[in-house]
Protein chains: 2
Amino acid sequence: MENRIENIKKQLHSQSYKLTPQREATVRVLLEHEQDHLSAEDVYLLVKEKAPEIGLATVYRTLELLTELKVVDKINFGDGVSRYDLRKEGAEHFHHHLVCVECGSVTEIEEDLLGDVEKVVEKQFEFDVKDHRLTFHGVCKSCQN
Amino acid sequence: MENRIENIKKQLHSQSYKLTPQREATVRVLLEHEQDHLSAEDVYLLVKEKAPEIGLATVYRTLELLTELKVVDKINFGDGVSRYDLRKEGAEHFHHHLVCVECGSVTEIEEDLLGDVEKVVEKQFEFDVKDHRLTFHGVCKSCQN
DNA sequence: CTAAATGCAAAACGTTTGCATATAG
DNA sequence: CTATATGCAAACGTTTTGCATTTAG
């Protein structure tokens with residue numbers, strides 16, 4: 001936890017960004033909700049509990065910054081909001097998601113299932129893959145009745 | 001072309017929807033731009049050339065309807081707009097995309113690369129896969145210099 | 001000290017909705 | 001004829017922006 005914050009602090013400073021209390025509070029919220037898929041509004045409300053003076057615009061600006069630094073990934077499941085998902089430390093690629101069309105639950109898959117597929121794409125389409133987004137839509141275990 | 005429209009007409013009628021001139025014009029635009037990834041606004045402007053009286057709201061309502069009928073897929077590449085992509089006739093699954101981070105071009109991959117991956121997901125996570133979304137981000141052939 | 005960041009309110013944006021009118025079947 | 005669809009304008013929710021003020025480094 002603390003060392004991850006330290007890490008992010010270094011990343012910020014290396015590009016002459018500052019680690020403000022608001023940014024730190026935002027990062028802490030993200031770390032504490034690592035498996036969730038929070039919207040900007042969600043993050044705002046959670047940060048507000050600890051740092052009540054923060055403004056929604058600052059949260060948006062911070063999330064944008066963290067996306068740029070690849071600390072988080074900005075994702076979109078088709079409802080009208082962007083969601084923000086912390087990257088696992090050192091993860092090269094974005095993880096995958098299973099979205100249940102019945103209950104709306106979102107499950108994360110950490111393991112990279114796309115190694116072979118990426119090779120095909122690189123060869124066949126001469127496309128230099130940098131990252132991917134993979135989401136499955138279907139029915140989750142507990143909704144299968 | 002004409003038979004695809006006829007087909008869609010039948011699908012509409014089977015659920016007591018009507019094939020209005022506005023809907024037909026919208027479908028024709030989608031058919032004429034099969035490889036593009038048009039936003040609602042894009043579609044609106046193109047339809048307007050042929051049917052100038054159409055309203056943007058009608059385009060939105062038509063695209064929503066076609067999404068429900070699985071004639072098109074609504075996709076989101078992370079810019080703020082939804083895009084609409086015609087399904088290949090009889091396609092069970094949504095096709096994949098290669099998005100170039102340099103020039104923004106979008107290439108479609110028709111062949112299904114995820115057969116094996118889906119089997120893993122079904123077994124390992126007991127998740128009943130209905131559809132998927134797969135997008136690769138990287139550098140396309142012509143930007144690799 | 002000064003460049004960078006903040007909070008606020010206003011604006012912008014894509015999308016949806018209410019409603020009176022028109023029309024496909 | 002009637003349920004369904006339309007066009008328009010207003011409303012909506014999310015995200016961005018301008019600006020005067022504050023602050024981390």
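Hydrogens, waters and symmetry mates play no part in the numbers below; they use all other heavy atoms, side chains included. Residue numbering restarts at 1 for every chain, and letters A, B, ... go by the order of the sequence lines.
Atom CD in B:Q22 sits roughly 17 Å away from atom P in D:dT4 (whole-Å rounding). Counting to the nearest Å, the P atom of D:dT16 and the CG atom of A:L63 are 10 Å from each other. Computed from coordinates, the A:Y60 OH to D:dT17 C1' distance equals 14 Å when rounded to whole Å. Rounded to whole Å, atom C1' of D:dT14 lies 14 Å from atom OH of A:Y44. Note: NE2 (B:H13) to P (D:dA3) measures 17 Å, nearest angstrom. Here the P atom of nucleotide D:dT6 and the NZ atom of B:K18 are 9 Å apart, to the nearest Å. Summarising the geometry, the separation between CD on B:E64 and C1' on D:dT6 is reported as 15 Å, rounded to the nearest angstrom. We find that NZ of A:K9 is positioned 11 Å from P of D:dA24, with the value rounded to whole Å.
Residue A:E41 is classed as having no contact, given no heavy-atom separation below 4.0 Å to the nucleic acid. At a threshold of 4.0 angstrom between heavy atoms, the contacts of B:P21 are confined to the sugar-phosphate backbone, with no base atom among them. Using a 4.0 Å heavy-atom criterion, one finds that A:S82 contacts the sugar-phosphate atoms exclusively.
For the OP1/OP2 pair of D:dT6 and a distance below 4.0 Å, the side-chain nitrogens and oxygens of B:R61 include no atom meeting the criterion. For B:T58, a side-chain nitrogen or oxygen approaches OP1 or OP2 of D:dG7 to under 4.0 Å.
An end-to-end axis angle of 50° holds for the helix from C:dC1-D:dG25 to C:dG25-D:dC1, taken from five base pairs per end and rounded to 10°.
Between A:L65 and A:A57, the residue anchored nearer the 5' end of DNA chain C, judged by the nucleotide with its closest heavy atom, is A:L65. If B:S39 and A:E53 are placed on DNA chain C by their nearest nucleotide, the residue sitting closer to the 5' end is A:E53.
Placement of B:F125 and B:L114 within a single hydrophobic cluster is found when ILVMFWY residues are connected by side-chain heavy-atom separations under 4.5 Å, directly or transitively.
Between the side chains of A:D42 and A:H33, not a single donor N or O lies within less than 3.5 Å of an accepting N or O. B:H95 and B:D73 share no side-chain donor-acceptor pair at under 3.5 Å. In summary, the side chains of B:Q124 and A:E111 do present a donor paired with an acceptor at a separation below 3.5 Å, with no hydrogens or angles considered. Side-chain contact of B:H132 with B:E118: a donor-acceptor pair under 3.5 Å is present, judged by distance alone. At a cut-off of 3.5 Å, with distance as the only test, a side-chain donor of B:E68 or B:Y17 sits close to an acceptor on the other residue.
Residue A:L19 comes nearest to A:H13 through the heavy atom pair N-NE2, 4.1 Å, listed as atom of the first residue, atom of the second, then distance. When every heavy atom of B:C100 is checked against every heavy atom of B:C140, the shortest pair comes out as SG-N, 3.5 Å.
The main-chain N or O of A:E126 is found under 3.5 Å from a side-chain atom of B:Q144 such that the two form a donor-acceptor pair. Under the 3.5 Å distance criterion, the side-chain polar atoms of A:R83 are matched with a main-chain donor or acceptor of A:H37.
If you walk DNA chain C from 5' to 3' and mark each nucleotide with an atom closer than 4.0 Å to a heavy atom of chain B, the marks span C:dG14 to C:dG25.
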